[in-house]
Amino acid sequence: MLSALIFGLPIGFLVFSFITILCALYVVTNDNPVFSVLALILTFFSISAHYVMLNAQFLAVVNLIVYAGAIMVLFLFVLMLLNLSKENEPKVKYGWHFAAVFAAGMLLIILAASLHKSSEQIMRNPAQDIGMVKSLGKVLFTDYLVPFELSGILFLAAMVGAVLLGKRDKNNETEARDSSNNPS
Amino acid sequence: MNTDSIFSSLDISHYIYLSSVLFCIGLFGVLTRRNAIVLLMCIELMLNAVNLLFVAFSSYMGDSAGQLFVFFIMVVAAAEAAVGLAIIVMIYRNVRSTDVGLFDKLKG
Amino acid sequence: MSTLFLALLLPVFGFLFSGIAGKHLPEKITGWISSLTILGSFVLSIGIFNDVANATSGIAAVGFNFLSVGDVIVDFAIQADRLTSIMMLVITGIGFLIHVYSISYMHGDPGFYKFFAYLNLFVFNMLVLVMGSNFLMLFFGWEGVGLCSYLLIGFWYENESYGKAARKAFIMNRIGDLGLLIGLFLIIANFKSLNYSEVMAAASTGAVSTEVITAICVALFVGAMGKSAQIPLYTWLPDAMAGPTPVSALIHAATMVTAGIYLVVRCNVLFELAPAAQQLILWVGLATSILAALIGLKQNDIKKVLAYSTVSQLGLMFIALGIGAYSAAMFHLITHAFFKALLFLGSGSVIHALGGEQDIRKMGGLKKAMPITYYTFLIGTLAISGMPLFSGFFSKDEILATLFAQNTLVWALTVVSALITGIYMFRVFLVTFHGGFRGTHEQEHHLHESPALITFPLIVLALLSLLGGLINLPELFTQNNAQWLKHWLNPIIGASQESLHHPEHHTEWLLMAIAVGAFVVALLYTRNKYIAKQSIPESDAEMTDLAKLSSNKFYVDELYDKAVVTPTEIIGDTLQKTDDSIFIGAIGGVNKLFGSIANGFKFIQNGKIHYYLLYMVAGIVIIMALNLFR
């Protein structure tokens with residue numbers, strides 16, 4: 001049923017694209033950061049749906065678990081920690097909106113222009129089992145073993161770094177109190 | 001799931017457009033928002049747009065390298081988010097604000 | 001071969017020794033070692049003189065190749081032919097005497113070692129000048145003696161006016177050197193060589209047109225004008241008396257100023273082919289001779305009188321060159337070196353005894369206190385005035401005789417000049433040494449004869465002034481050995497002098513009588529004025545207008561100042577202001593421009609991330625667009 005065609009495109013694709021784009025817009029425009037986080041989580045859900053449609057089931061699940069489940073929760077934690085809400089949001093001059101729209105728009109046009117003919121040059125070879133854990137795992141642990149191990153080291157470094165950076169000791173407290181008295 | 005390939009009716013160019021739009025929306029957010037945390041979130045959005053494109057190409061061409069690269073992008077994004085947030089927390093402790101416009105000590 | 005180089009390089013050794021070690025050694029050692037190097041050169045010159053007597057074309061020694069450009073090959077090469085050997089004897093001989101004199105004269109001066117270093121350097125450069133076998137060596141020595149002259153005139157540099165005098169000498173010399181350089185360039189362009197032998201040989205074949213040769217000769221003469229103090233480049237010589245007296249004696253009487261004469265004699269072949277240039281030399285020499293003599297009449301500084309006398313005598317030598325009497329000019333050069341050095345050294349002795357007094361109006365009555373100085377100075381004065389049988393008489397007579405046969409008008413004017421010479425020389429002599437002493441009491445107490453190191457050179461030079469005429473006695477006096485110098489120089493100037501007319505013997509006796517008559521008139525006139533009437537030269541306030549004109553050097557210096565110096569200074573000032581405003585302003589303006597551009601762009605780096613991100617995106621967009629639309 002998802003493959004039914006409207007405007008020549010499968011209905012699933014249309015629906016989920018629509019949700020993705022809408023939520024993305026909400027992320028970037030909303031004043032309240034908490035709502036931005038929630039909108040971003042919805043975006044991730046719809047992107048996972050795209051993954052499923054593209055036969056990348058493993059990645060869909062991983063996307064949900066890692067991104068929506070871990071990273072976004074982390075963001076939410078930090079927001080709560082810093083107690084940020086709509087009032088603390090910095091004001092932006094309108095010139096910036098125009099400049100950003102212009103820049104992003106130009107980039108969009110150029111990206112689209114560069115890539116839109118690429119479909120003719122790529123060999124079409126859709127496979128059925130490509131997104132399954134078994135086949136992915138096979139390639140991962142043979143061809144891409146070194147990057148896999150390196151990513152483990154990367155995680156270790158990030159963990160150590162995050163812990164060290166987040167450490168609060170007596171000096172930090174006095175600094176925080178002093179800097180709150182004289183804002184830099 | 002119905003594993004009939006979606007590509008029988010869909011061209012890769014549609015995914016290219018979708019991914020580009022998402023990327024540029026994320027870019028717009030990066031340029032516009034002043035809150036450091038929201039900035040990081042918009043960067044995550046850009047990364048996800050790229051992920052989507054990788055997966056689309058991987059599915060289109062039957063090459064699993066694309067999906068594996070997405071895997072690694074997620075690794076990096078996670079690490080980066082963790083460290084970046086830690087830094088932001090530390091800055092907030094000193095400056096009492098997360099406004100990116102206030103961090104201009106390195107000006108020329 | 002090697003004796004040539006040794007003779008040339010001994011003074012260099014003296015220069016280095018005095019300059020480097022002389023500061024820490026006692027005066028005697030420095031002075032005597034410097035003097036002995038010159039004596040060594042003198043002895044070697046005698047040996048070279050003997051060698052050249054047998055080899056008429058001279059002996060040569062080649063150093064190293066200096067430059068070879070296309071056809072032009074120039075070497076550092078020296079040679080000694082008959083002309084050179086005579087000059088070498090004069091330079092080193094009189095140089096040695098003056099070195100010895102200076103040991104006593106410069107005693108106690110803190111720059112003693114420097115003085116001897118400079119003197120030795122000077123002798124070296126003068127030797128290079130006369131020993132060079134091509135025009136480049138001549139030029140090298142020319143510039144070198146100019147440099148040493150500057151160093152020695154401004155020796156007591158703490159006095160600013162001495163420094164100015166030194167600068168004046170150097171600059172006027174430079175103007176002359178420009179002429180010399182132009183002459184050298186023309187020679188290179190037309191003869192493709194700078195060697196004397198090649199140039200003279202090519203010139204006599206008539207390969208180059210007369211106009212070009214005239215231009216070359218005029219240019220060379222301009223150089224001689226500067227070095228030998230002829231009109232209009234003579235005003236530096238009287239000012240050069242600011243230097244110590246031995247310097248005046250050596251450089252500005254006996255050797256450096258004779259470089260111009262040497263140049264013309266060396267190039268006699270060229271000058272013979274350019275009669276127009278010879279006429280120029282003749283008239284310039286005549287004008288200088290008379291003008292300088294007139295100025296000397298009313299000078300009251302003993303050294304300035306001698307300076308103007310030098311200019312006048314050089315004019316006389318150029319008159320001789322102008323009519324082509326090269327050997328006569330050389331003869332007078334040699335005798336003039338003897339008695340002018342003697343006169344200068346004698347005046348130095350007087351100045352020394354009077355504790356630095358140079359005004360003759362404050363001297364007088366020195367005969368009893370300084371007999372040797374008195375008698376030697378008398379001999380010098382008689383020689384220059386043309387007392388019969390003294391050296392000056394023979395040399396002047398040689399010139400006058402040859403002159404009479406070529407150009408009677410110039411001869412008459414030259415006799416007038418000789419008369420005036422006699423007058424001012426006797427004036428100086430009588431006022432300085434006769435009458436009562438007009439100085440201060442203190443000076444009178446300290447009056448004494450100068451030490452032996454000063455009087456010995458005086459005596460030697462007096463003997464030479466007395467007997468120097470023997471080297472070129474006219475045929476009137478003896479039949480054998482007559483005109484030895486003229487025959488000696490024959491290989492070099494013989495061809496040029498063939499066309500000279502010589503007066504008949506009885507005419508020559510008549511001319512001699514006229515010259516002696518002029519001498520007697522001068523003697524009687526001055527004797528009457530300064531001994532019988534006991535008159536002393538008036539003070540500056542009492543002078544009549546004509547006297548003022550002469551005493552103020554005919555205002556030539558003031559004329560130069562207004563006509564040349566002031567416009568040059570104005571041009572210099574204007575150019576400096578232009579340079580300041582335009583060029584420095586332009587460069588400063590460029591500096592400011594870039595500064596302001598940089599300032600304008602400073603806003604880009606404001607440290608805010610979102611700006612940087614925007615720039616980054618803009619850059620990426622542009623690059624991708626460029627790539628896309630290639």
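Each chain gets a letter, A, B and so on, in the order its sequence line appears, and its residues count up from 1.
Identified by a heavy-atom distance below 4.5 Å to chain B, the contributing residues of residues 76-83 of chain A are A:Val78, A:Leu79, A:Leu81, A:Leu82, in residue-number order.
Interface residue A:Phe75: backbone and side-chain heavy atoms are both found under 4.5 Å from chain B. Neither the backbone nor the side chain of A:Leu150 comes within contact range of chain B, judged by heavy atoms closer than 4.5 Å. Proximity to chain B involves both the backbone and the side chain of A:Leu136, based on heavy atoms less than 4.5 angstrom apart. The parts of A:Val101 that come within reach of chain B are both its backbone and its side chain, each placing non-hydrogen atoms under 4.5 angstrom from that chain. For A:Val163, no part lies near chain B; criterion is any non-hydrogen pair under 4.5 Å. Contact annotation for B:Ile25: both backbone and side-chain heavy atoms come within less than 4.5 Å of a heavy atom of chain A. Contacts of B:Leu52 with chain A are made by both backbone and side-chain atoms, with heavy-atom separations under 4.5 Å. Proximity to chain B involves both the backbone and the side chain of A:Asn63, based on heavy atoms less than 4.5 angstrom apart.
The shortest side-chain heavy-atom distance between A:Ser36 and B:Arg33 falls under the 4.5 Å cut-off. For the pair A:Leu59/B:Phe54, no side-chain contact is recorded, criterion being any heavy-atom separation below 4.5 Å from C-beta on.
Rounding to the nearest 0.5 Å gives a distance of 10.0 Å between CD1 of B:Ile16 and CG of A:Leu111.
Ring centers of A:Phe13 and B:Tyr15: under 6.0 Å apart, within the cut-off.
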